[in-house]
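Notes for the one structure printed next.
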Amino acid sequence: MSEKPSKYYITTPIYYVNDKPHIGHSYTTILADVLANYHRLLDIPTHFLTGTDEHGQKVQQAADTNGITPQEQCDQTVIRFQELWKRLEISHDDFIRTTEPRHKTVVQQTLQDLYDRDEIYKAEYEGWYCVGCERFFTEKDLVEGSCPECGRKVDSIVESNYFFRMGKYQDWLIKYIEDNPGFIQPAFRANETLGFLKNKELQDLCISRPKSRLSWGIDLPFDTNFVTYVWFDALINYISAVGYKSDEEQFKKWWPSSCHLIGKDILTTHTVYWPTMLKAMGVEMPQSIFAHGWWLTGRTKMSKSLGNVVNPMDMIDKYGVDAFRYFLIAEMTLGQDASFTEEAFARRYNSDLANDLGNLASRVLSMIARYFDGKLPIPGERGDEESVVWKGIQNAVQTMERAIPEMKLDSGISAVLAGVRGINKYLEVRAPWTQAKNDDAEGVATTLYTAAECLRVCAALLYPVMPEKMLALRTSLGMADAKPHLGKLAEYGVLISGSEISQPGALFPRIELEKVDGASSSVKDRPKKSAAKAKEQKAEPSPEGLITFDQVMAVNLKTAVVLEAEKIDGADKLLKLQVDLGEEKRQLVAGIALHYTPEELVGKTIVVVANLKPAKLRGVKSEGMLLAASLGASLRLVTVEGDLGPGAAVK
Ligand code: MSP
C-alpha cells in the first residue's frame, strides 16, 4: 500500500429501527467490513463501528403502528440487524445503539456545552415541516409546495424551538471542502455539496422537537419540554462510541475517523450538518466521508410499495454468505448506482466463482492428491511460463493495493479474477496430465506447486471479501496460519513442500439457472426451440449422400467447459462429465476413457451437440454428445482456439 496509515477507523451510518434490514443496509455494512478486513490484514490497528439510530419520529410511528412502545420497537428490531450482521460475517468492533446511556450522556453534555457557548439559541419558527425527512424547510425551499428531498406533502408549522448556529459556518465549510479535496468522496459529491453551499444561504439548524409533537428522543438538558432532533443525536454516535467526553485516551486513539461510509441519500447531513457541528464543538474533522450509490432492482429504485426490495436473508439462504458478499462488492463501482437481479447474481457467481475460482481450486488440489499422494510437491526450476503466471498474480496484488485507498474495490477484484484465469491458462499450457504421462515428475511438481502458490495469493486477496471460503481454501492448501498477511504477498515459495493438502469439497457449487428467477425463460426456451426445429427437418441425406444447409443447422453445436470428470465403474472406455454450456449444466457420457484421464479434461473447452435426445449409456444419463476426431487408435477432442468460454454457438 502506498502510504500505510497509522490507524483505521471506519463507520457505517447507524440504521433506523423502524423496519427490518434490507440489501442497502447490508451493502454499506459489508463494504465497511471488507475495508476493515483489508486494513486489519495489513496490520493496521482498525476500529469498525456500526449501530442503530433508535430515536425520532420514524421509530415512534413504527411503534404506534405495531402497538408497542418505542423502546420495545427498538429492542425487537435491533436484534434483526445484529442477527443479520452475524450471518453476514460482519466483524465490527463496536455496535452502538443511540438509546444506550453511554451515547445519551454525551449528546446531552454536547448540547449543554454548545448552549452555554451560545452556539444554540431559542427562537420562534414559522415554516414547513416534512414528517418523512424530519426536517424543516422555508417557503423558498419547497418544490411545487412539497418537500424538496422526498416530494411528500409538508405541514405548516409555527413553534418555538432551539437552533444551532449552523449558518455562520457557511464560508468556513466552503473553504474547508475546497482546501481538502479528499474530505468528501467521490469528488463529484464534494461538488454537489459545494454547489448547495454556494447557491443558498445556509440556515441555522433546528435541533429540537417539542414533546407535545414527539416524545421519543433525548431530552434537551436545558429544557425538558423538548427532545433532541434525531440527526443531531445520531451524528454524535461517531464520537460518543469512541470515548468523546468519557475516555480521552480511547478518543485520541481513534478520532478523527478515517472514513464515514454513507449512502448518497444522506450526503447533506454528513457533509454540512456534521462538519459544522464538529467545528462548533472544537473537534477535528473526519478524514473522509465517502458516499456510495444505490442498489436498484433492475433500473428501478427499491421500495416497499413496489415490492421489489431484496431481502438479504433470502439470498444468503439460497446462495451462501460469501457469494452474496462477493457479488455486492464486485458488482458495484463505488460511487455509482448498481443493479441487483437474481439472474445477474447467478451468472456472475457461475462464471467468477464456480467456473474460474472454484474449478481452479478443485483441479489443483485433486491433481496434487492424485500425483503426490496429497502432499505439496517440491518444485524444480521455474521457467518462463512460471514467471509469466506469477507476474500476473503480482499485478493483481499491486492493483488491489491501489484499489483499497482509492475505494475501487471492483477493479481490485477484477484484477484478482484475471489472475485466476491466468492460472487456469497456465495449467492448460503446462498440461501436468501430459507431463505425468511423459514421466516428467519434476515438471508436474513445478506446475502444481506454482499453481498452488498463485492460488494462495489469490485466496489472500479475496479473503477480506469471502473470509469463510478463503480460509477453507487456504487451509486446504496446507497453510498452518490460514489468515493471510496482505503486506507479504510479493514473497514466492511460502507454501511448504511436503505439507498435507486437503479437499475443501466444492467451494462454489454451480447455480442451476433454471431455478433462478428471471433466468429460467431464456434458458429453457433455447434448447427447446432448436430441438423443435431439428424435428421438423428430417436429417436424412439425399441419395447422393449429401445433406442440406438446413440439416446442418439443425444440429445445435455449442462450446462447453468441462467442470468435472470421473470414471464409470465397470465401463473401461466411458467417462462421465459435468459440463457448463453457458446457461446450463449438463451431464455427458463419452467413450474417451482410453485417451484422456479425468483430470486433464477438467477446464477444457470442448464442442457439444446440445440438442441430442438424452440417452442412457450403461445406465448413466447422457444429455448431449461431445465431438472428437479419431484416426486409427488416436482420438483427440475437438476444441476451439482462443478463450471463448462456454455457450458459444459453433457453426
Ligand atoms: N439513521 C440514518 C443514518 C444516520 S447516520 C448518523 C439513516 N438510516 S437508514 O436506515 O435509512 O439507512 C440509510 C443507509 O442505508 C444509507 O445511507 C445507505 O448506506 C443504506 N441504504 C439504504 N438503501 C439503500 C439502497 N437501496 N442501496 C444502497 N444503500 C442504501 O438514514
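Values reported hereafter were calculated over all heavy atoms of this structure, with side chains retained and with hydrogens, waters and symmetry mates removed. Each ligand, and each atom within it, is numbered from 1 in the order the structure gives. Nothing here was measured: the structure is a model prediction, and the numbers come from that model.
The two atoms that bring His103 and Ser240 nearest to each other are ND1-OG, 2.8 Å, heavy atoms only.
Aromatic ring centres of Tyr27 and His292 lie closer together than 6.0 Å.
Contact check on Asp337 versus Lys264 returns a salt bridge, with a Lys/Arg side-chain nitrogen under 4.0 Å from an Asp/Glu carboxylate oxygen. Taking a cutoff of 4.0 Å between a charged side-chain nitrogen and a carboxylate oxygen, Arg165 and Asp118 qualify as a salt bridge. One finds no salt bridge joining Asp155 and Arg213 here, because no Lys/Arg side-chain nitrogen approaches an Asp/Glu carboxylate oxygen to under 4.0 Å. Salt-bridge check for Lys211 with Asp223: failed, with every basic side-chain N at 4.0 Å or more from each acidic carboxylate O.
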N/O contact list for ligand 1, threshold under 3.5 Å:
| unit_1 | atom_1 | unit_2 | atom_2 | d |
| --- | --- | --- | --- | --- |
| ligand 1 | 1 (N) | Ile14 | O | 2.8 |
| ligand 1 | 1 (N) | Asp53 | OD2 | 2.7 |
| ligand 1 | 10 (O) | Tyr16 | N | 3.0 |
| ligand 1 | 10 (O) | His25 | NE2 | 3.2 |
| ligand 1 | 17 (O) | Gly263 | N | 3.1 |
| ligand 1 | 17 (O) | Asp265 | OD1 | 3.0 |
| ligand 1 | 19 (O) | Thr28 | OG1 | 2.7 |
| ligand 1 | 19 (O) | Gly263 | N | 3.3 |
| ligand 1 | 26 (N) | Trp295 | O | 3.3 |
| ligand 1 | 27 (N) | Trp295 | N | 2.9 |

